[in-house]
K.L.:
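Take a look at this one; I'll ask things after.
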Amino acid sequence: MQINTNILEEGKTYHYSEDLDFSSETLNPILIRKIKDCHAEVDVTPLYFGHVRIIINIKSNVILPCSYTLEDVDYIIKGGEEFIFTDEKEEDDEEAGMIYEPKPIFSLDPYIFSLLIALVPPKVVKKGAKLPEGGKGYDVISEDEYYQRKATQVDHRWDKLNDIELDDGDE
């Protein structure tokens, strides 16, 4: 999605709507397996002194791995973010949360893609999936149970030291 700030009138809001294709993007399969489709609704408002406010709302259908079984899960991601772009680079802009874009025509695709990735939940569970109980040589336990076992566990490597008789030095 390209934005041309040269043709925008200051103070007026412009609405853009576009379906984006992120099929060629490199994805981390541990986080997200595939982006089926992505629809973006964008409101662009030129402000003052080369500043542009852009509000992006997205809806995307993605395939994520199930946290329990690692099977594919269809998931709908919805969300939005507001960005302020400027065409003048100043030190204070980064602190104020502004993004420097020197050219009047720039692409929003990287920002939309970053927003999409940021909205991916850290854990997705497929309907009907159950956490494994355990298997040969391993148990699945909760974090609380792990710390309880750790607190009551005795380190047997030091048991041999109990057999050593130490001289008190009083003789």
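On a predicted model such as this, the values are computed, not experimentally measured, just so you know.
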K.L.:
Can you tell which of Leu115, Leu116, Ile117, Asn61 makes a side chain to side chain contact (heavy atoms under 4.5 Å, CB included) with Ile77?
P.N.:
Leu116
K.L.:
Rounded to the nearest 0.5 Å, how far apart are OG of Ser17 and CE of Met1?
P.N.:
6.5 Å
K.L.:
How long is the straight-line distance from CZ of Arg149 back to CG of Asp139, given to the nearest 0.5 Å?
P.N.:
5.5 Å
K.L.:
Can you name the closest pair of heavy atoms from Val73 and Cys66 and give their distance?
P.N.:
CG2-CB, 3.8 Å
K.L.:
Under the rule for salt bridge (Lys or Arg N to Asp or Glu O under 4.0 Å), what residues qualify as partners of Lys59, not counting sequence neighbours?
P.N.:
none
K.L.:
Under 4.5 Å between side-chain heavy atoms, hopping through other hydrophobics if needed: is there a path connecting Val120 to Tyr75?
P.N.:
yes
K.L.:
Tell me the closest heavy-atom pair linking Leu27 and Pro29, and the distance in Å.
P.N.:
O-CD, 3.3 Å
K.L.:
Is the number of heavy atoms from other residues, nucleotides or ligands within 6.0 Å of OH (Tyr146) greater than 12?
P.N.:
no
K.L.:
Write down the atom of Tyr68, the atom of Lys130, and the distance for their closest heavy-atom approach.
P.N.:
CD1-C, 3.7 Å
K.L.:
Between CZ of Arg53 and CD of Glu82, what distance do you get to the nearest 0.5 Å?
P.N.:
5.5 Å
K.L.:
Would you call Ser60 and Leu119 a side-chain contact if the rule is heavy atoms closer than 4.5 Å?
P.N.:
no
K.L.:
Could you check whether any side-chain heavy atom of Glu25 comes within less than 4.5 Å of a side-chain heavy atom of Ile35, counting everything from C-beta outward?
P.N.:
no
K.L.:
Tell me, do Asp37 and Asp19 make a side-chain contact under 4.5 Å, heavy atoms counted?
P.N.:
no
K.L.:
Does Glu143 have more than 12 heavy atoms from other residues, nucleotides or ligands lying within 6.0 Å of its CD?
P.N.:
no
K.L.:
Should the pair Asp74-Lys36 be classified as a salt bridge under the 4.0 Å nitrogen-to-oxygen rule?
P.N.:
yes
K.L.:
Taking Phe83 as the starting point, is it possible to reach Val52 by hopping between hydrophobic residues whose side chains are less than 4.5 Å apart?
P.N.:
yes
K.L.:
Short question: side chain of Thr45, backbone of Lys12 - any donor-acceptor pair under 3.5 Å?
P.N.:
no
K.L.:
For Ile76, does the CD1 atom have more than 12 heavy-atom neighbours from other residues, nucleotides or ligands under 6.0 Å away?
P.N.:
yes
K.L.:
Would you sort out whether Ile56 and Glu81 count as a side-chain contact (heavy atoms from CB on, under 4.5 Å), showing the intermediate values?
P.N.:
CA-CA 5 Å; Ile56 301 172; Glu81 187 67 48; 5.5 Å; no
K.L.:
From the options Ile3, Val44, Leu108, select the one residue that forms a side chain to side chain contact (heavy atoms under 4.5 Å, CB included) with Phe85.
P.N.:
Leu108
K.L.:
Output the distance between atom OH (Tyr14) and atom CG (Asn4), rounded to the nearest 0.5 Å.
P.N.:
11.0 Å
K.L.:
Is any side-chain heavy atom of Leu70 closer than 4.5 Å to one of Arg33?
P.N.:
yes
K.L.:
With a 3.5 Å cut-off and no angle check, do the side chains of Ser142 and Asp144 form a donor-acceptor pair?
P.N.:
no
K.L.:
Are there over 12 heavy-atom neighbours, none belonging to Gln148, within less than 6.0 Å of that residue's CD?
P.N.:
no
K.L.:
Considering only residues two or more places apart or on different chains, which pairs with a residue in residues 109-118 satisfy side-chain hydrogen bond (donor to acceptor under 3.5 Å, both in side chains)?
P.N.:
Glu101-Tyr111
K.L.:
Would you compute the distance between atom CD1 of Ile84 and atom CD1 of Ile55 and round it to the nearest 0.5 angstrom?
P.N.:
8.0 Å
K.L.:
Hey, could you give me each pair passing ring-ring contact (aromatic ring centres under 6.0 Å, His included) that has a residue in residues 22-44? Not counting sequence neighbours.
P.N.:
Phe22-Phe113
